[in-house]
Amino acid sequence: MEETEEIKSLNFIEQIIEKDLAEGKNEKRVHTRFPPEPNGYLHIGHAKSICLNGGLAKKYNGKFNLRFDDTNPETEDEEYVNSIRNDVKWLGFQWDGEYNASDYFQQLYDYAVQLIKLNKAFVCELTAEQMREYHGTAVTPGKDSPYRNRSVEENLALFERMKNGEFPDGKYLLRAKIDMASPNMHFRDPALYRIRKKHHYRTGDKWNIYPMYDFAHGLSDAIEGITHSICTLEFEVHRPLYEWINNTLNTTYRPQQIEMSRLNITYTVMSKRKLMQLVNEKHVSGWDDPRMPTVSGLRRRGYTPEAIRDFCERVGISKRENLIDVSLLEFSIREDLNKKAPRVMGVLNPLKVVITNYPEGQVEELEAVNNPEDESAGKRMVPFTKELYIEQEDFLEVPSKKWFRLAPGTEVRLRYAYFITCQEIIKDSEGKVVELRCTYDPASRGGNSPDGRKVKGTIHWVSAIKGISAEIRLYDRLFTTETPDKGDVDFKELINPNSLQVIKSVLEPSLAIAKAGESFQFERMGYFCVDKDSTEKNLVFNRTVSLKDTWAKIADKN
RNA sequence: AGACCCAUGGUGUAAUGGUAGCACUGCACAUUUUGGUUGUGUAUGUCUAGGUUCGAGUCCUGGUGGGUCUACCA
């Protein structure tokens with residue numbers, strides 16, 4: 001046990017933590033946090049962050065906070081807070097403390113006052129356009145604001161009046177006094193507080209000024225005693241400012257910001273802004289549309305927390321740009337569902353089969369295994385009748401040499417039932433095959449012939465009279481290209497028009513009592529779960545993911 | 001352009017100066033009452049040029065390529 005742990009390699013963040021621990025840094029504490037802004041639903045990139053931060057706290061016997069980074073009253077909302085809590089919990093993580101940046105508004109204000117007193121901040125009244133002008137560019141230094149040398153007293157008075165709501169939005173701005181010539185743009189007297197007379201979903205109308213991210217985030221981390229503050233790569237250039245603020249204000253705790261790369265997955269987009277657009281412009285049915293890479297969408301699609309955690313583990317932690325093949329996500333869910341999902345038979349696209357030598361009106365209950373991967377799942381009975389449905393794609397009038405399934409004159413096994421042989425094809429006026437006449441071998445009951453005769457193919461089936469109908473929603477990737485948000489065309493033009501296909505199918509009767517959220521493997525077809533739209537009268541299933549289909553690959557090649 | 005960051009098979013990630021490994025994907029075979037699962041095998045890799053060293057994916061320098069920043073968003 002001890003040995004295997006030592007063999008397992010550490011990611012770069014774990015290496016930093018173990019070094020800190022070894023050096024006795026932070027009183028040997030590990031305290032992480034997940035700091036979402038409540039302005040959208042969580043996606044699988046957030047899930048990765050939750051798994052990392054929550055997992056690190058668990059691994060190093062530390063603490064893990066959930067903190068809503070609610071410093072922008074214009075975009076944030078309670079609805080998002082609730083969905084975020086729900087998603088984090090569902091993923092299997094329990095936070096030690098739940099906080100809000102808005103809990104610290106008074107402390108943050110006091111810190112700002114302190115900064116003014118240290119002559120490290122000033123009230124500026126340049127307009128946004130003027131600011132841009134004074135800001136300089138990457139190659140040219142900026143210019144000092146003409147308001148930069150106000151007295152401490154004047155700054156204090158102005159800042160207080162900003163707080164008291166004496167000025168309109170945008171009139172004044174509290175800025176740090178650092179260095180307008182710094183090559184790091186974030187050091188060019190960054191904005192700390194802006195006037196925004198907006199109702200905040202938690203603090204109401206109490207505040208007329210709101211702190212900016214750079215000011216609020218590092219201080220919130222310090223206030224909570226966070227030791228390792230993990231964020232994504234785009235905040236790398238903010239780190240000197242993050243440290244400047246905590247060092248200048250001489251906070252008790254000095255959390256360390258560590259940046260890692262974002263998660264990207266092929267054939268989807270992973271930015272809240274773009275996901276929001278898909279929702280608002282009705283390209284999907286909502287944040288929880290099963291095609292969305294949101295936690296709620298994946299959940300509705302039938303993904304399990306275990307599969308998502310496994311995926312987040314597999315993608316790894318690093319600082320390079322990456323693009324994870326969506327097949328890795330599919331691997332994780334297949335692996336989990338393969339162990340757990342009960343097997344059933346469902347015919348997606350039915351083709352009628354009449355067993356000509358089977359007694360009219362007879363119903364036999366045949367025994368079927370619920371899960372070959374899990375003996376404890378037990379067995380069930382499936383009704384067999386003279387008229388059945390099989391999958392349209394399991395019959396081919398002119399088969400290739402590698403075809404194992406049904407064709408004129410060939411024999412196949414009906415799973416858990418009988419060997420049948422196709423004797424006759426019935427077509428409609430357009431030449432489409434609408435019915436098959438087959439004979440069965442009564443001696444092959446259960447699926448084995450006493451004479452040892454072998455069949456190459458086993459296909460699934462459902463009794464035509466005992467089967468139940470259901471709506472099945474088949475999902476495909478939401479976009480037609482691997483990286484819809486790269487390149488010149490607008491990502492919405494790359495939406496896959498066939499990402500949702502709704503069909504009417506027929507399922508074995510045991511599924512009549514399936515509950516919303518339950519997952520099944522429809523043998524040979526894939527994993528399906530009951531959608532929340534499902535009712536007793538109209539069963540609705542989502543296809544979570546198809547099974548690996550070796551035959552489709554062979555067929556594709558020809 | 002300036003600052004910062006990154007560079008290992010198709011993809012992702014290990015190797016912490018000493019045999020380039022693992023996973024996904026692909027391909028092949030075996031097993032199979034799911035063309036599923038499982039098992040076995042296999043293909044493909046250290047961006048480049050120098051340097052340090054007995055020895056470099058790892059350290060140093062230059063180049064190249066990619067990313068980020070230049071919001072009163074986070």
Side-chain angles (χ1 to χ4, degrees), chain A residues 8-11 15 35-37 39 69-72 74-76 101 124 126-128 131-132 135-142 169-175 182-188 190-196 209-210 212-214 216-217 231-240 259 261 266 272-273 313-332 334-335 338-339 343 345 368-369 372-373 402-405 413-417 419 444 446-448 455-460 521-526 546-555:
Chain A
K8 193 169 184 299
S9 60
L10 304 174
N11 64 51
Q15 288 173 24
E37 184 189 10
N39 67 346
D69 211 345
D70 55 353
T71 56
N72 184 358
E74 302 187 85
T75 55
E76 296 155 3
C124 187
L126 250 23
T127 63
M131 273 276 280
R132 256 192 296 283
H135 201 262
T137 69
V139 276
T140 58
D169 285 10
K171 169 82 175 157
Y172 290 105
L173 187 67
L174 183 73
R175 291 222 262 161
S182 172
N184 183 338
M185 301 303 248
H186 298 274
F187 261 19
R188 322 251 263 225
L192 265 24
Y193 261 94
R194 78 281 205 189
I195 301 172
R196 197 92 337 154
I209 55 172
Y210 291 93
M212 303 292 295
Y213 167 84
D214 286 307
H217 201 92
C231 61
T232 45
L233 250 27
E234 67 271 26
F235 291 100
E236 204 148 29
V237 283
H238 294 240
R239 195 193 329 136
E259 311 84 15
S261 50
T266 53
K272 270 198 271 188
R273 205 192 97 247
E313 184 75 31
R314 284 173 189 275
V315 295
I317 305 293
S318 76
K319 297 187 72 158
R320 354 181 166 149
E321 282 303 309
N322 60 75
L323 180 62
I324 308 291
D325 195 322
V326 70
S327 65
L328 185 62
L329 219 207
E330 293 177 344
F331 173 82
S332 290
R334 283 192 188 111
E335 187 179 56
N338 178 49
K339 290 180 296 192
R343 272 57 169 174
M345 289 194 285
V369 173
E373 305 294 318
K402 284 182 178 168
W403 183 255
F404 296 171
R405 284 113 95 149
R413 171 166 40 232
L414 293 179
R415 182 90 158 140
Y416 299 127
F419 287 8
S444 63
N448 281 307
V455 289
K456 275 196 290 189
T458 301
I459 64 175
H460 61 281
Q521 185 196 104
F522 291 5
E523 294 215 25
R524 305 205 306 131
M525 303 310 287
S546 63
L547 253 31
K548 260 176 70 181
D549 192 347
T550 313
W551 167 247
K553 277 179 198 153
I554 297 167

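Proteins get letters first, then strands, A, B, ... in listed order; numbering begins at 1 in each.
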* Looking for any heavy atom pair under 4.0 Å, which part of the strands does Arg405(A) touch: base, sugar-phosphate only, or nothing? -> base
* Can you check whether Thr140(A)'s main-chain N or O pairs, donor with acceptor, with Thr137(A)'s side chain at less than 3.5 Å? -> yes
* Let me have a per-nucleotide readout for nucleotides 17-31 of chain B, 5' to 3', with B, S or -, counting only protein heavy atoms under 4.0 Å. => ------SSSSSS---
* Does a side-chain heavy-atom distance below 4.5 Å link Leu329(A) with Ile324(A)? -> no
* **Protein-to-nucleotide contact annotation, 5' to 3' order, nucleotides 69-74 of chain B [B base; S sugar-phosphate only; - none; under 4.0 Å, heavy atom]** => SBSBSB
* Asked: By salt bridge (Lys or Arg N to Asp or Glu O under 4.0 Å), which residues pair with Glu37(A), not counting sequence neighbours?
  -> none
* Considering only heavy atoms from C-beta outward, does the side chain of Tyr210(A) approach that of Arg194(A) to under 4.5 Å? -> yes
* Asked: Leu414(A) near the nucleic acid: base, sugar-phosphate alone, or nothing, with a heavy-atom cut-off under 4.0 Å?
  -> nothing
* Atom P, compared across G21(B) and A30(B): separation rounded to whole Å -> 28 Å
Hey, can you pull the donor-acceptor pairs under 3.5 Å for the side chains in residues 546-554 of chain A, sequence neighbours left out?
| from | atom 1 | to | atom 2 | distance (Å) |
| --- | --- | --- | --- | --- |
| Asp549(A) | OD1 | Trp551(A) | N | 3.2 |
| Asp549(A) | OD1 | Ala552(A) | N | 3.0 |

* Asked: Does any donor atom in the side chain of Ser182(A) or Asn184(A) lie under 3.5 Å from an acceptor atom in the other side chain?
  -> no
* Hey, is the main chain of Gly447(A) close enough, under 3.5 Å, to the side chain of Arg413(A) for a donor-acceptor pair? -> yes
* To do: Check whether the side chain of Arg320(A) and the base of U8(B) form a donor-acceptor pair under 3.5 Å.
  => yes
* To do: Identify whether any heavy atom of Pro240(A) sits under 4.0 Å from a base atom; if not, whether one sits that close to sugar-phosphate; answer base, sugar-phosphate or nothing.
  => nothing
* Asked: Short question: side chain of Thr458(A), backbone of Arg415(A) - any donor-acceptor pair under 3.5 Å?
  -> no
* Within the distance-only criterion (no hydrogens, no angle test), does the side chain of Asp70(A) pair as donor or acceptor with the backbone N or O of Ala101(A) below 3.5 angstrom? -> yes
* Asked: Looking across every strand, which nucleic acid part, if any, lies under 4.0 Å from Ile324(A) by heavy atom: base, sugar-phosphate, or nothing?
  -> sugar-phosphate
* Distance below 4.0 Å between Thr550(A) side-chain N/O and G36(B) OP1 or OP2 -> yes
Identify all pairs in which a protein N or O lies below 3.5 Å from an N or O of nucleotides 60-67 of chain B, and state each distance.
| from | atom 1 | to | atom 2 | distance (Å) |
| --- | --- | --- | --- | --- |
| G67(B) | O2' | Glu321(A) | OE2 | 3.1 |

* 5'-most by nearest nucleotide on RNA chain B - Gly316(A) or Gly447(A) -> Gly316(A)
* Check: Glu76(A) side chain, Asn72(A) main-chain N or O, donor-acceptor pair, under 3.5 Å -> yes
* Check whether any side-chain N or O of Arg188(A) sits under 3.5 Å from a backbone N or O of His135(A) as a donor-acceptor pair, and report yes or no. => yes
* When we call it a touch if two heavy atoms are under 4.0 Å apart, what does Gln521(A) touch: a base, just sugar-phosphate, or nothing? -> base
* Each stem that RNA chain B is part of, given as range with range (3 or more consecutive Watson-Crick or G-U pairs, under 3.5 Å) -> B:2-7 with B:64-69, B:10-13 with B:21-24, B:26-30 with B:38-42, B:47-51 with B:59-63
* Asked: With a non-hydrogen cut-off below 4.0 angstrom, is Leu323(A) in contact with a base, only sugar-phosphate, or nothing?
  -> sugar-phosphate
* **Aromatic plane relationship, Phe235(A) with Tyr213(A) - under 30° parallel, 30 to 60° tilted, over 60° perpendicular** => tilted
* Describe the nucleic acid contact of Arg175(A) in one word from base, sugar-phosphate, nothing, applying a heavy-atom distance below 4.0 Å. => nothing
* Asked: Do Ser444(A) side-chain atoms and Phe419(A) backbone N/O form a donor-acceptor pair below 3.5 Å?
  -> yes
